[in-house]
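Remarks on the structure that follows.
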Amino acid sequence: MARIRTIKPEAFHSESLAAVPLSAERTFFGLLTQADDHGRFRDQAAVIAGLLWSLRPEHGPLGVEDDLTQLHAAELICRYEGADGKQYLHIVTFAQHQKVNRPSGVRNPACPHHDLGVPREPSPLAHRTVSETSTPAHGGGSGGAVSYEIAGQEQFSESSSPPQGGGTEPTVSAHGPDLGPRNRDLGSTPLGDASAPAPQATVSAKDLIAEYTAACAHRPPTSVLGHLGSEVRKLLDDGIGPDHIRAALARQRAKGLHPSTLPSLVQEVMNAAPHASGVAHRSWTNPADVAATYGGAL
């Protein structure tokens with residue numbers, strides 16, 4: 001059951017907490033009330049969502065999973081597997097900020113990294129990177145050529161394409177058809193049959209985020225751009241067209257919504273209901289011949 005815990009005033013000046021979105025910060029404070037007297041809790045996003053976000057249905061298990069991923073990357077929590085094969089999490093600074101009077105016995109396995117001294121293996125998630133070419137597994141790392149530095153990082157980079165005239169070995173993507181060498185000029189004759197279509201230019205998540213940033217009056221915070229980049233990458237991997245994502249990003253920018261609402265805006269753009277009558281609206285204008293229009297009834 002939940003316990004009475006305290007939040008120090010310094011928590012609101014914490015640079016680590018300021019580096020994650022507000023939803024992740026709220027989840028962190030909620031975990032303080034749910035963790036056992038050693039700062040440990042079961043790593044189950046659905047259960048945590050039900051305990052902490054039951055009156056906020058718009059922030060469900062997927063949103064909580066994203067919160068936990070960002071808290072783990074910021075080293076505010078540590079996600080690990082217990083000896084029983086189940087997933088747990090540990091609030092890293094719990095002992096520094098919570099003084100539990102008469103703590104209860106051990107309810108969850110100790111954290112191997114912070115309680116038992118086993119060093120953590122370096123992981124891309126520890127540096128807040130999100131892969132362009134693959135979706136990170138639960139609590140794990142990911143690879144890929146494109147990475148976004150999310151909260152607390154200033155870099156937003158993509159590995160450069162090889163210079164033209166370099167190697168000709170085609171690269172095969174795990175998420176789409178082979179479009180041939182990426183370093184060839186799109187206007188040149190395609191390899192193979194002369195009648196084969198030229199490869200189409202691909203749009204990356206970085207391209208869309210760069211367009212989004214350029215359209216803003218002021219550059220958004222790095223954490224917002226990183227979260228948006230993650231959502232755009234997922235949508236592209238799901239086969240959503242760049243034009244639909246552009247339109248959704250325009251609505252998100254105009255309304256100032258949270259980055260996690262981007263999939264809903266894409267759904268709105270893609271499946272907007274047509275006008276009920278099927279007839280386009282026409283503005284009223286005064287008739288040129290009043291007598292003919294009203295039949296002398298005026």
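By convention here, the first residue in the shown sequence is residue 1.
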Evaluation steps, side-chain contact (heavy atoms from CB on, under 4.5 Å), between L68 and L31: CA-CA 10 Å; L68 297 177; L31 286 173; 4.1 Å; yes
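Side-chain atoms of D207 come within 3.5 Å of backbone atoms of S204 as a donor-acceptor pair (strictly under, hydrogens ignored). A distance-only check finds no donor-acceptor pair linking the side chain of H90 to the backbone of C111 [under 3.5 Å]. In terms of modelled atom types and a separation under 3.5 Å, the side chain of D238 and the main chain of I240 share no donor-acceptor contact. No donor-acceptor distance shorter than 3.5 angstrom exists from the side chain of R251 to the backbone of E268, with no hydrogens or angles considered.
P259 and Q252 get closest at one heavy-atom pair: N-NE2, 4.1 Å. The two residues L249 and Y212 have their closest heavy-atom pair at O-CE1, 3.6 Å. The nearest pair of heavy atoms linking A248 to V266 is CB-CG2, 3.4 Å.
With sequence neighbours left out, the salt bridge (charged side-chain N to carboxylate O under 4.0 Å, His left out) criterion links D84 to no other residue. Residues satisfying the side-chain hydrogen bond (donor to acceptor under 3.5 Å, both in side chains) test with R246, not counting sequence neighbours, are E211, D243. Taking the salt bridge (charged side-chain N to carboxylate O under 4.0 Å, His left out) definition, one finds that E81 meets it with nothing, sequence neighbours left out. Residues passing the salt bridge (charged side-chain N to carboxylate O under 4.0 Å, His left out) test with R42, sequence neighbours excluded: none. For the side-chain hydrogen bond (donor to acceptor under 3.5 Å, both in side chains) test, residues two or more places apart in sequence or in another chain that qualify with S260 are H258. Qualifying side-chain contact (heavy atoms from CB on, under 4.5 Å) partners for A49, counting only residues two or more places apart in sequence or in other chains: P61, V64.
The line from CG of L89 to CG of L71 is 9.0 Å long, rounded to the nearest 0.5 Å. Taking CZ of R233 as the start and CG of L236 as the end, the distance is 9.5 Å to the nearest 0.5 Å. For the atom pair CG of D37 and CZ of F94, the computed distance is 6.5 Å after rounding to the nearest 0.5 Å. Note that the CE atom of M270 and the CD1 atom of I245 stand 9.0 Å from one another [nearest 0.5 Å]. With rounding to the nearest 0.5 Å, the separation of CG in L52 from CZ in R26 is 7.0 Å. Rounded to the nearest 0.5 angstrom, T6 OG1 and L32 CG are separated by 8.5 Å.
Hydrophobic cluster of L265: the remaining members, joined at side-chain heavy-atom separations below 4.5 Å, are L257, listed by chain and number.
Applying the ring-ring contact (aromatic ring centres under 6.0 Å, His included) test to residues at least two apart or on different chains, none of the pairs has a partner in residues 233-255. For residues 47-58, every residue pair satisfying the side chain to side chain donor-acceptor pair (under 3.5 Å) rule, not counting sequence neighbours, is listed here: T27-W53.
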Please set out all donor-acceptor pairs under 3.5 angstrom arising from side-chain atoms of residues 10-25, sequence neighbours excluded.
| unit_1 | atom_1 | unit_2 | atom_2 | d |
| --- | --- | --- | --- | --- |
| S14 | OG | S16 | N | 3.4 |
| S14 | OG | L17 | N | 3.2 |
| S23 | OG | D67 | OD1 | 2.9 |

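Hydrophobic cluster membership is shared by I209 and L262, with clusters built from Ile, Leu, Val, Met, Phe, Trp and Tyr side chains linked at under 4.5 angstrom. Following chains of ILVMFWY side-chain contacts shorter than 4.5 Å, one cannot reach I77 starting from L62, and the two form parts of different hydrophobic clusters.
Annotation: side chain of F28 is in contact with side chain of I91 (closest heavy-atom distance under 4.5 Å). Side-chain contact check for R40 versus P109: every heavy-atom pair is 4.5 Å or farther apart.
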